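First the structure, in the form of structure tokens, and then the observations on it.
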Amino acid sequence: MAAIAPDLLTIVSGGLTELADIARFRSVCTTWRDAGEEAAAAPPLQPPWLVLPSSPSPLFFCPREDRLYPNLRLPVPAAGAHRRRRLYASPHGWTLAIDRTGLAASLLHPFTGAARPLPSLPAYFAETDDLSWDLSPHGVMVSCGEGVLVCALDPLADSWAPIPTMADRNVSSINYAAGDFFVFEEDMCRTTIVDSITMSVNAVIPPPPVELPTEARMVVAGDELFILAKSKWMYIFGDDVDFSKAFCVNHRSPNPAWQNLTGIGERAVFVDSLHGFTVGTAGFRNLESNTIYSVDTKEATRSSNVKFSVKAFNLESRTSKKLACRLNDLAMAQRGGVASWIIPSLAEG
């Protein structure tokens with residue numbers, strides 16, 4: 001068989017859109033590995049994976065491949081510590097790892113194996129399982145419900161510092177995007193936008209016209225914010241989820257005005273209890289446009305295990321479905337933490 005010209009191989013590798021395909025391409029032989037070097041150095045944006053808090057170690061689920069990966073390239077913790085370590089994913093490719101005994105904290109990158117130590121969290125974080133967080137190139141923001149703490153990354157701060165202007169915030173989620181942290185209070189459906197460098201409050205976005213109390217998720221989508229909400233008297237993001245109350249607003253407008261969200265075009269929303277974000281659907285197999293992907297966790301029948309599933313809600317048809325995948329048939333021993341989306345990446349910045 002005639003060898004394929006290196007230039008042609010480079011063109012082919014440049015058309016690959018997913019990390020797994022790039023890795024398989026480069027594993028064929030030395031020639032193919034060299035041809036795929038540029039593709040590996042700067043791969044295109046990846047479709048999200050799920051980080052599942054299973055026991056004894058977390059699992060990583062790739063929906064496109066319908067495949068579970070154990071641990072990937074996570075650093076191995078000290079003996080016994082793996083059962084205490086909880087992982088909380090960020091869509092930016094990192095996970096926040098917390099030892100629930102001593103509250104030691106670190107950033108772990110499951111796709112490169114990189115690790116960055118952080119100061120231990122204050123003792124009161126052990127009093128609750130609630131946690132929200134995200135990271136910017138400059139620092140990490142975290143909350144266990146009331147108030148907000150921040151830790152600078154370059155240089156690394158010695159301890160977590162409170163943000164005085166955020167002391168009264170009842171935080172449910174934190175998202176970072178384009179230079180700002182978006183701090184969401186679910187009980188009020190209010191979003192506070194904080195500059196990621198100065199930690200000053202840039203704006204406070206009042207709630208949309210939704211009856212409180214609600215179960216709500218906040219999504220950052222470029223210049224837009226989405227609020228997905230429903231009454232607490234309905235099922236909470238379960239089989240009957242319909243996100244019938246969905247709103248959008250331009251958060252950069254001097255006079256932000258909420259509107260009903262009826263469509264998001266060639267994009268998909270990924271939402272969990274930690275974060276909400278959008279990705280373009282062009283070029284991704286099995287990723288539907290104008291769709292909200294969420295995670296459902298249920299206790300398995302007659303056991304202490306749990307089952308995870310992925311739900312897809314179409315904004316146009318206003319219908320929800322459970323994705324057909326191997327998660328639907330698996331019962332896992334759950335450890336502390338929550339199922340959360342992460343975008344695979346080889347970048348550590």
Side-chain angles (χ1 to χ4, degrees), residues 11-22 39 42-50 61-66 89-93 134 173 175-180 182 184 191 205 208 216-230 237 241-253 256-272 274-296 309-325 340-347:
I11 293 173
V12 172
S13 66
L16 300 177
T17 61
E18 300 190 37
L19 288 181
D21 291 337
I22 294 172
L45 182 67
Q46 301 298 300
W49 290 24
L50 268 177
F61 177 65
C62 174
R64 203 277 297 176
E65 295 183 311
D66 194 16
S90 163
H92 304 297
D134 212 347
S173 70
N175 287 264
Y176 169 78
D180 293 316
F182 296 79
F184 182 62
T191 303
I205 309 298
R217 299 289 185 263
M218 186 264 291
V219 177
V220 183
D223 291 344
E224 295 177 300
L225 289 182
F226 303 155
I227 296 294
L228 312 175
K230 64 187 300 185
F237 288 44
V241 60
D242 59 6
F243 295 113
S244 58
K245 299 181 183 298
F247 305 91
C248 65
V249 68
N250 185 331
H251 63 81
R252 299 195 185 279
S253 169
W258 289 99
Q259 298 178 342
N260 290 324
L261 179 65
T262 57
I264 55 175
E266 297 299 312
R267 294 180 293 175
V269 167
F270 289 82
V271 65
D272 54 52
L274 296 178
H275 302 100
F277 58 96
T278 61
V279 298
T281 55
F284 292 136
R285 301 187 294 273
N286 302 328
L287 201 57
E288 298 180 15
S289 299
N290 208 31
T291 297
I292 300 170
Y293 291 91
S294 60
V295 190
D296 186 37
S309 60
V310 177
K311 300 295 180 60
F313 174 72
N314 185 276
L315 280 165
E316 181 178 3
S317 65
R318 316 300 290 184
T319 57
S320 180
K321 66 180 180 181
K322 180 189 291 187
L323 295 192
C325 65
S340 46
W341 297 104
I342 188 171
I343 296 179
S345 172
L346 299 177

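What you see is a predicted model; the values in this text were computed from it and never measured.
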> Once the angle between the rings of Phe247 and Trp258 is folded into 0 to 90°, is it parallel (under 30°), tilted (30 to 60°) or perpendicular (over 60°)?
Replying inline: perpendicular
>> Could you report the tightest heavy-atom contact between Leu287 and Gly280, atom names first, then the distance?
In response: CD2-O, 4.4 Å
> What residues, two or more places apart in sequence or in another chain, satisfy side chain to side chain contact (heavy atoms under 4.5 Å, CB included) together with Glu266?
Replying inline: Thr281, Ser289
> For the residue pair Tyr176 and His92, does the interplanar ring angle fall in the parallel (under 30°), tilted (30 to 60°) or perpendicular (over 60°) class?
Replying inline: perpendicular
>> For a side chain to side chain contact (heavy atoms under 4.5 Å, CB included) check, start with the C-alpha distance between Thr278 and Phe270, then their side-chain angles and the critical distance, and finish with the verdict.
In response: CA-CA 6 Å; Thr278 61; Phe270 289 82; over 6 Å; no
>> Tell me if the CD atom of Glu65 is crowded by more than 12 foreign heavy atoms within 6.0 Å.
In response: yes
> Between the side chain of His251 and the main-chain N/O of Gly222, is any donor-acceptor distance below 3.5 Å?
Replying inline: yes
> If you look at every heavy atom in Arg267 and Ala221, which pair is closest and at what distance?
Replying inline: NH1-CB, 3.8 Å
> Which value, rounded to the nearest 0.5 Å, describes the distance between Phe313 atom CZ and Thr291 atom OG1?
Replying inline: 9.5 Å
> If you measure from CD1 on Ile227 to CZ on Phe184, what distance do you get to the nearest 0.5 Å?
Replying inline: 4.0 Å
>> What's the separation between atom CD1 in Ile292 and atom CG in Leu261, rounded to the nearest 0.5 Å?
In response: 6.5 Å
> Rounded to the nearest 0.5 Å, how far does CZ of Arg64 lie from CG of Asn286?
Replying inline: 8.0 Å
> Tyr293 and Glu288: which non-hydrogen atoms are nearest, and at how many Å?
Replying inline: OH-N, 2.8 Å
>> So Phe277 and Val279, do their side chains get closer than 4.5 Å, heavy atoms only?
In response: yes
> Minimum heavy-atom separation for Asn175 to Gly276, with atom names?
Replying inline: OD1-N, 3.1 Å
> Can you name the side chain to side chain contact (heavy atoms under 4.5 Å, CB included) partners of Ala178, sequence neighbours left out?
Replying inline: Arg252
> Out of Asn250, Leu225, Thr191, Val249, which residue meets the side-chain contact (heavy atoms from CB on, under 4.5 Å) rule with Pro256?
Replying inline: Val249
> Which heavy atom in Ala177 sits nearest to a heavy atom in Phe182, and how many Å separate them?
Replying inline: O-CE1, 3.7 Å
> Are Ser90 and His275 close enough that some pair of their side-chain heavy atoms sits under 4.5 Å apart?
Replying inline: yes
>> Nearest 0.5 angstrom please: Asp272 CG to Ser294 OG, how far?
In response: 9.5 Å
> What distance do Ile264 atom CD1 and Glu316 atom CD have between them, rounded to the nearest 0.5 Å?
Replying inline: 11.5 Å
> What are the two closest heavy atoms between Pro63 and Trp49, and how far apart are they?
Replying inline: CD-CA, 4.1 Å
